[in-house]
Amino acid sequence: MRKQIAAANWKMNLTYQQGEQLLDDILAANIELKDNQEVIFGVPFPYLTMAEGKVKAKNYHVSAQNCYNQKSGAYTGEVSVEMLKSIGVKHCIIGHSERREYFGESNLMLSEKLDLLLGGGLTPIFCCGEPLSIREAGTQNEYVEKQLEESLFHLSADDLKKIIIAYEPIWAIGTGKTATTEQAQEIHAYLRSVLAKKYGQEVADEISILYGGSVKATNAKELFSCADVDGGLVGGASLVAADFVEIIKGLN
Ligand code: 13P
């Protein structure tokens with residue numbers, strides 16, 4: 001059975017002390033997860049060890065928000081998969097639309113990051129999703145299909161199964177405008193069908209596909225109730241303890 005996942009993406013928010021407090025407040029809610037449920041905190045690099053120390057007692061996980069597409073060397077300011085691995089990090093978000101837009105990350109670059117992450121035994125949380133212009137033109141399916149094809153389709157079925165996918169329509173990120181449950185279910189089902197076409201239904205059925213884009217305490221449960229939505233990748237609402245607690249409770 002595929003995992004149902006509540007993942008926080010703090011982005012470039014909070015001081016170290018605020019991050020500690022937020023985690024303490026969320027952990028204090030003492031939510032009991034079912035066997036098929038997972039909670040992951042995508043925190044800034046300097047907070048990874050602190051966050052891991054706090055959440056491991058609850059069997060929650062931490063995630064980096066990025067890594068570099070080279071193994072090591074003269075890449076000032078970058079962080080490698082090996083570095084993440086050496087501090088016990090097991091997850092890494094890649095391909096967030098903010099990184100694609102502000103840092104020019106291409107599908108090819110992401111395929112290289114995927115190989116390094118999988119080679120290091122980390123779980124990639126691979127983000128995809130279309131801008132508003134594409135949604136308005138009605139070509140979102142083709143757009144996200146190409147993102148999957150160019151970044152993921154060189155992988156073996158065994159490796160593909162190790163990935164978490166996050167579908168995040170750019171027009172819904174930080175805008176307060178959430179995809180409707182119909183829109184989310186439709187494109188998640190499409191993404192799964194694209195995976196099934198290439199890797200077979202059994203493999204496609206094992207992959208968690210999270211929805212991201214203005215997930216809130218008030219809409220999480222409904223979104224997560226869609227057959228092909230396996231949880232969420234949450235920005236703004238993950239910075240408020242009470243809201244993220246509700247979102248975790250919204251998992252199936
Ligand atoms: P918001 O939840 O703030 O819309 O952000 C979504 C996101 O980008 C998560 O990665």
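For ligands, and for the atoms within them, numbers begin at 1 and follow the listed sequence.
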*asked:* Can you name the atoms of ligand 1, numbered from 1 with element, that are less than 4.0 Å from a heavy atom of Ala172?
replied: 4 (O)
*Hey, is Asn9 touching ligand 1 through its side chain, its backbone, both or neither, going by heavy atoms under 4.0 Å?*
side chain
_Evaluate Thr175 for polar contact with ligand 1, using N/O atom pairs at a separation under 3.5 Å._
no
*Flag, side chain of Thr15 to backbone of Gln18, donor-acceptor distance under 3.5 Å*: yes
*Backbone or side chain, does any N or O of Glu98 fall under 3.5 Å from an N or O of ligand 1?*
no
_So does Asn252 get a backbone contact from the side chain of Gln37, meaning a donor-acceptor N/O pair under 3.5 Å?_
yes
*Any atoms of ligand 1 less than 4.0 Å from a non-hydrogen atom of Gly213? List them with their elements.*
4 (O), 6 (C)
*May I ask you to check whether His61 and Phe41 place their ring centers less than 6.0 Å from one another?*
no
*Less than 4.0 Å between a side-chain N and a carboxylate O, is that true for Glu145 and Lys197?*
yes
*Which residue holds the protein heavy atom closest to atom 7 (C) of ligand 1, what is that atom called, and what is the gap in Å?*
Glu168 OE2, 3.2 Å
*Do Ser238 side-chain atoms and Ala8 backbone N/O form a donor-acceptor pair below 3.5 Å?*
no
*At a non-hydrogen distance cut-off of under 4.0 Å, which region of Ser238 contacts ligand 1 (side chain, backbone, both, or neither)?*
neither
_Proximal atoms of ligand 1 relative to Gly236 (non-hydrogen, under 4.0 Å)_ = 1 (P), 2 (O), 3 (O)
*Of Leu191, Ile163, Leu195, which is the lone residue that meets side chain to side chain contact (heavy atoms under 4.5 Å, CB included) with Ile207?*
Leu195
_Students should be able to answer this: which protein heavy-atom is nearest to atom 5 (O) of ligand 1, and at what distance?_
Lys11 NZ, 3.3 Å
*Atom indices of ligand 1, in the order listed, that fall short of 4.0 Å to a heavy atom of His96*: 7 (C), 8 (O), 9 (C), 10 (O)
_Nearest-0.5 Å distance, CD of residue Gln147 to CD1 of residue Ile165_ = 10.5 Å
*Donor-acceptor under 3.5 Å (Ser151 side chain, Leu110 main chain)*: no
*What about Gly174: any of its N or O atoms under 3.5 Å from an N or O on ligand 1?*
yes
_N/O separation below 3.5 Å, Leu233 to ligand 1_ = no
*Just need the protein heavy atom nearest to atom 2 (O) of ligand 1, so name the residue and atom and give the distance.*
Gly235 N, 2.9 Å
*Does the Tyr47 side chain pair with the main chain of Leu14, one donor and one acceptor, at a distance under 3.5 Å?*
yes
